[in-house]
Protein chains: 2
Amino acid sequence: MPVKDYKKSIFEQFARTGKAFSNAHRIELLEILAQGERTVEQLSNAADLTVANTSQHLQLLRNAGLVTARKVGQYVHYKLSDDLVIDLLVALRKLSERHLAEVERLVNTYLTVKDDLEPIPINELMERAGDGVVTVLDVRPEVEYKAGHIQGALSVPMDQLEDRLGELKPNQEVVAYCRGPYCMLAYDAVAKLREKGFTARRLDEGFPEWRKAGMPVEMKDE
Amino acid sequence: MPVKDYKKSIFEQFARTGKAFSNAHRIELLEILAQGERTVEQLSNAADLTVANTSQHLQLLRNAGLVTARKVGQYVHYKLSDDLVIDLLVALRKLSERHLAEVERLVNTYLTVKDDLEPIPINELMERAGDGVVTVLDVRPEVEYKAGHIQGALSVPMDQLEDRLGELKPNQEVVAYCRGPYCMLAYDAVAKLREKGFTARRLDEGFPEWRKAGMPVEMKDE
DNA sequence: GACTCATTCAATAGAATATGTGATTATTGA
DNA sequence: TCAATAATCACATATTCTATTGAATGAGTC
């Protein structure tokens, strides 16, 4: 095989990986999988796609080596094949934010409160959580909490927050987190908590970034 | 705009960036541009595409915000809009290498000498170049050298190497570099130099990585 | 102003992709 | 064994992407 063909085929291989990121639904699926393992049905619900369609996108992602599947009974569980996929997702987010004015517009329109909430960086939360002086609040749906969460975090899904305020220590600062930079659950939670008189901030990033940073993670039990 | 639409449009924006990386020719163009600024004609030659086709791919890349163009006389010079693009290219390479067995096969087939050549990492070259004890050799085509090269490097394009061996100090170690991890020029150069009795190694990575690492760079003059 | 050259544009045909529908497979539990 | 369910497959269709061709633009030159 001449060098020219070698070059051609290696770029084709890269493009195969790139193609996985060329469709909005697939990116959404990957972002959901960045939270943790999910079944096809869960994914199709979360991304609002038909099951067949979801399945096909997953096949493509699997062929590109980005996700792996394991069958448990009649369910097939998919997950990201490793953290390099998260690296690429993060690089894609950063690049898009930097270069597409439209992204910035969308983010500003929807996350206007962003600067008011004084986000706390991962490192700082890690230190302070160790001292036991903050309540770490996971406001994602319970199923996502069960699949993996920050060590010591309390699960209070957003839609139950108002009813369960009594479970929080009144004088302790609360740090809420959710899925990642474009997830609005934690914003809503902090707004609600402050409204009710709590001292609350949100984690700078989401659960995938926390795990990626090598910080302690738990599964299932609180 | 409801949250659902917001989510939809933000993933669509990410996909727009992703699409740029979904075609082998476009990735090749980006890799070439990672070397430095190029005109449309240079790009079309290097990537072996028609000018019109090259131009169209460049439009797409420009719309995605990945490259910028400036017109000088009748020539249009394109370059990467910033280093985040290189970050994404690198992430894409790494991910593809990890997950596509085919990439590994290609790399092994063509770069079998890889381990024999004891590549020198960027940091180490930086230290040793400061002491003036190594000759740094740029074996890319001269036009690429002129567009930017490692400070103090000597330009000896691969096809002239054999005729210009006299310009090298015989007792000094030579470090050759070229475009990046999949560029074979530096491998060929090291093999040739060793054959002729020189002590030669190749730089671990290429010029884009060197510049990216914040190491000193020169343009035009040697 | 006519000419040349680099680049872009516009139109087209053909290839690849995305999605919905309905059938098929695999597994579980009755 | 049969029914129910999760997931995949197979096909048809609409859409999008890509490469090609030839014309248009626009800057420099004679």
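Each chain gets a letter, A, B and so on, in the order the sequences are listed, and its residues count up from 1. Scope of the values below: all heavy atoms of this structure, side chains included, with no hydrogens, waters or symmetry mates.
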Is it true that A:Arg93 and A:Glu31 make a salt bridge, defined as a side-chain N closer than 4.0 Å to a carboxylate O?
yes
At a heavy-atom distance below 4.0 Å, what parts of residues 70-82 of chain A sit against DNA chain C?
A:Lys71, A:Gly73, A:Gln74
Any side-chain donor paired with an acceptor under 3.5 Å for A:Arg202 and A:Tyr187?
yes
Are the charged groups of A:Lys212 and A:Asp87 less than 4.0 angstrom apart, N to O?
yes
A:Arg211/A:Asp83 salt bridge by N-O under 4.0 Å criterion
no
Sort and list the pairs that fulfil salt bridge (charged side-chain N to carboxylate O under 4.0 Å, His left out) and have at least one residue in residues 65-74 of chain B, not counting sequence neighbours.
B:Glu37-B:Arg70
Non-hydrogen side-chain atoms of A:Val40 and A:Val51 separated by less than 4.5 Å
yes
DNA chain D: first to last nucleotide in contact with chain B (atom under 4.0 angstrom from a heavy atom), 5' to 3', is D:dC17 to D:dG28
Centre of B:Phe21's six-membered ring, under 6.0 Å away, within 45 degrees of the axis: is that where NZ or CZ of B:Arg26 sits?
no
Going by heavy atoms closer than 4.0 Å, what residues in residues 35-44 of chain A are next to DNA chain D?
A:Thr39, A:Val40, A:Glu41
Under a 4.5 Å cut-off applied to non-hydrogen side-chain atoms, are A:His149 and A:Tyr177 in contact?
yes
State, yes or no, whether a side-chain contact exists between B:Leu30 and B:Val67 at a heavy-atom distance under 4.5 Å.
yes
Ignoring hydrogens and angles, state whether a donor on the side chain of B:Ser22 or A:Ser22 is under 3.5 Å from an acceptor on the partner side chain.
no
Would you list the pairs meeting salt bridge (charged side-chain N to carboxylate O under 4.0 Å, His left out) in which at least one residue belongs to residues 49-58 of chain A, sequence neighbours left out?
none
Is there a side-chain contact between B:Ser55 and the phosphate of C:dT7, meaning an N or O under 4.0 Å from OP1 or OP2?
no
Treating primed atoms plus P, OP1 and OP2 as sugar-phosphate and everything else as base, which nucleotides of nucleotides 14-25 of chain C get B, S or - for protein heavy atoms under 4.0 Å?
---SSBBB----
Between B:Arg38 and B:Glu144, does any NZ, NE, NH1 or NH2 come within less than 4.0 Å of an OD or OE carboxylate oxygen?
yes
